[in-house]
There are 2 protein chains.
Amino acid sequence: MSEKKPRRLTAKGEATRLRIVAAAADLMYTQGVEATSVDDVIEASGTGKSQVYHYFSDKTELVEAVVRAQIERVLGEQAPFLDDLRTMRGFERWRDAIVVGVRGWRGAHGCPMGSLAGEIAGRCETARENLQRGFSVWQHWFRLGLERMQDSGELRPDADPEELAVGLMAAVQGGYLLVKTTRDERSMAIALDMALDSIRVALSAAE
Amino acid sequence: MSEKKPRRLTAKGEATRLRIVAAAADLMYTQGVEATSVDDVIEASGTGKSQVYHYFSDKTELVEAVVRAQIERVLGEQAPFLDDLRTMRGFERWRDAIVVGVRGWRGAHGCPMGSLAGEIAGRCETARENLQRGFSVWQHWFRLGLERMQDSGELRPDADPEELAVGLMAAVQGGYLLVKTTRDERSMAIALDMALDSIRVALSAAE
DNA sequence: GTAAAAATGTAGCAGATAGTACAATCTACT
DNA sequence: AGTAGATTGTACTATCTGCTACATTTTTAC
């Protein structure tokens, strides 16, 4: 009733399943999906082969679980900032969070969702659909924030929240790729600032 | 004298080497680097194992050759449009070319340079450096065009060509990723239009 | 408590993978 | 023509890959 395949899952079983997905997600994020073998996952998660194939019918299904996990992870991390997108200041705080977050691992490996999309969106239809939904939700938050700004009068009524949202998503993902390739965090700041400027020029005149 | 390793290369040898790289580039573009085996490349190029390992010491070296080939390919395709970036109209023609080009395979697999960057920039340093140079050259053309527009008076002197160029690159690559994931070509148009608008707001007043 | 079901351990297998060895053929250059 | 070196064909190997079979232990439900 709660899930599609209500195959009984013990608390212990659920825990190891989560450990497997977490280990797989980490490895696939840093090494790539194809470059991560099932044995790698087993070793990293401290489980056994029989366990992996008990909870997942094959590697593809494990990858799907990783995709869903990473979508939730990214949207979860973003949630507090996305909920704050009600003013231009909110968008600026969101920008700062992304720019800061891009230092460290995230700078070298990019957006956990975007990296997955880049590697498998062109080769696995169901994964593509899930990632599309992930991006769609993210974008939806952008649009929602912009519409709130229109309601409050901060953003002009003739601005197009949907197009601005798409532009923001592109800027974020393009920024991630540039940072990953150039190792220069400023790329993200510049990309996001350009997108934010597109919002700024559509702000109502006086403040 | 012409190359680093002036190992004698017959015309015939050069030809098969190119066939190998071309086949590898195609496969790695559509399937991914890691998902493409040396045997795949051999079959697709109509060569043999001894040939591949005669011209490349290992798979990594083949991948490096593919990286260089794809950089040249993309920059080569872009060249006529990049050279045309002397007016706002030039940027609009460039935009149209990208948007049109995104239909078909390119929409499903993204930018040949960007896809490679996404998969291996975080895991192979020399490949990352080459791809960084590729992006750098591309960006340089953007900046050059914008500086020409400043010289001609079309773009205001207080505009920052370097930052606009970074924003353009991010928009292109972000657009490619969104199109690949959503299968909606409009994402690219919207992303690029946002970037072009950032240039437009910096144009000199009268025309 | 006990039986069913879930969770885990151990062993192994068929095919793919990257890479090698070596012999045979072709090409360039004198 | 002939030789060195470039090119190519064939066969092979050691390891890794995803996956299965089956036995054992642990947990759940009555």
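A, B, ... follow the sequence lines: proteins, then strands. Residue 1 opens every chain. These numbers come from the heavy atoms of this one structure, side chains and all, not from hydrogens, waters or symmetry mates. These numbers come from a predicted model, not from an experiment.
Distances shorter than 4.0 Å separate none of the side-chain N or O atoms of B:S37 from OP1 or OP2 on C:dA16. Side-chain N/O atoms of B:Y53 include none lying less than 4.0 angstrom from OP1 or OP2 on D:dT8. Dashed line: the shortest gap from a side-chain N or O of B:T16 to OP1 or OP2 of D:dT8 is under 4.0 Å. Regarding contacts with the backbone of D:dT10, every side-chain N or O of B:S50 stays at 4.0 angstrom or more from both OP1 and OP2. Of the side-chain N and O atoms in A:Q51, one or more sit less than 4.0 angstrom from OP1 or OP2 of C:dT8. Taking 4.0 angstrom as the limit, A:Y55 places a side-chain polar atom (N or O) nearer than this to OP1 or OP2 of C:dT8.
With C:dA18, C:dA7, D:dG18 as the candidates, the nucleotide lying closest to the side chain of A:T10 is C:dA7. Of the candidate nucleotides C:dA7, C:dG19, D:dT7, C:dG19 has the atom lying nearest to any side-chain atom of B:D58. Considering only side-chain atoms of B:K49, the nucleotide from D:dT8, C:dA11, C:dG19 that sits closest is C:dG19. Distances were taken from every side-chain heavy atom of B:D39 (C-beta onward) to each of C:dA7, D:dT8, C:dT17; the shortest belongs to C:dT17. Checking D:dT27, C:dT17, D:dT7 against every side-chain atom of A:K12, the shortest atom distance belongs to D:dT27.
For B:K59 against C:dG19, a side-chain-to-base donor-acceptor contact under 3.5 Å is absent.
A cation-pi geometry, defined here as NZ or CZ lying under 6.0 Å from the six-membered ring centre and within 45° of its normal, does not hold between B:R95 and B:F81.
Taking the six-membered ring for Trp and thresholds of 30 and 60 degrees, B:F142 and B:W94 have ring planes more than 60 degrees apart, a perpendicular arrangement.
Rounded to an integer number of Å, the gap from CD1 of A:I42 to P of C:dG9 is 11 Å. Taking atom CG of residue A:D40 and atom P of nucleotide D:dT15, one finds them 17 Å apart after rounding to whole Å.
Salt bridge status for A:D151 with A:R148: absent, with no side-chain N to carboxylate O gap under 4.0 Å.
Taking both residues in full, the closest heavy atoms of B:T36 and B:Q31 are given as OG1-OE1, 3.4 Å, listed atom of the first, atom of the second, then distance.
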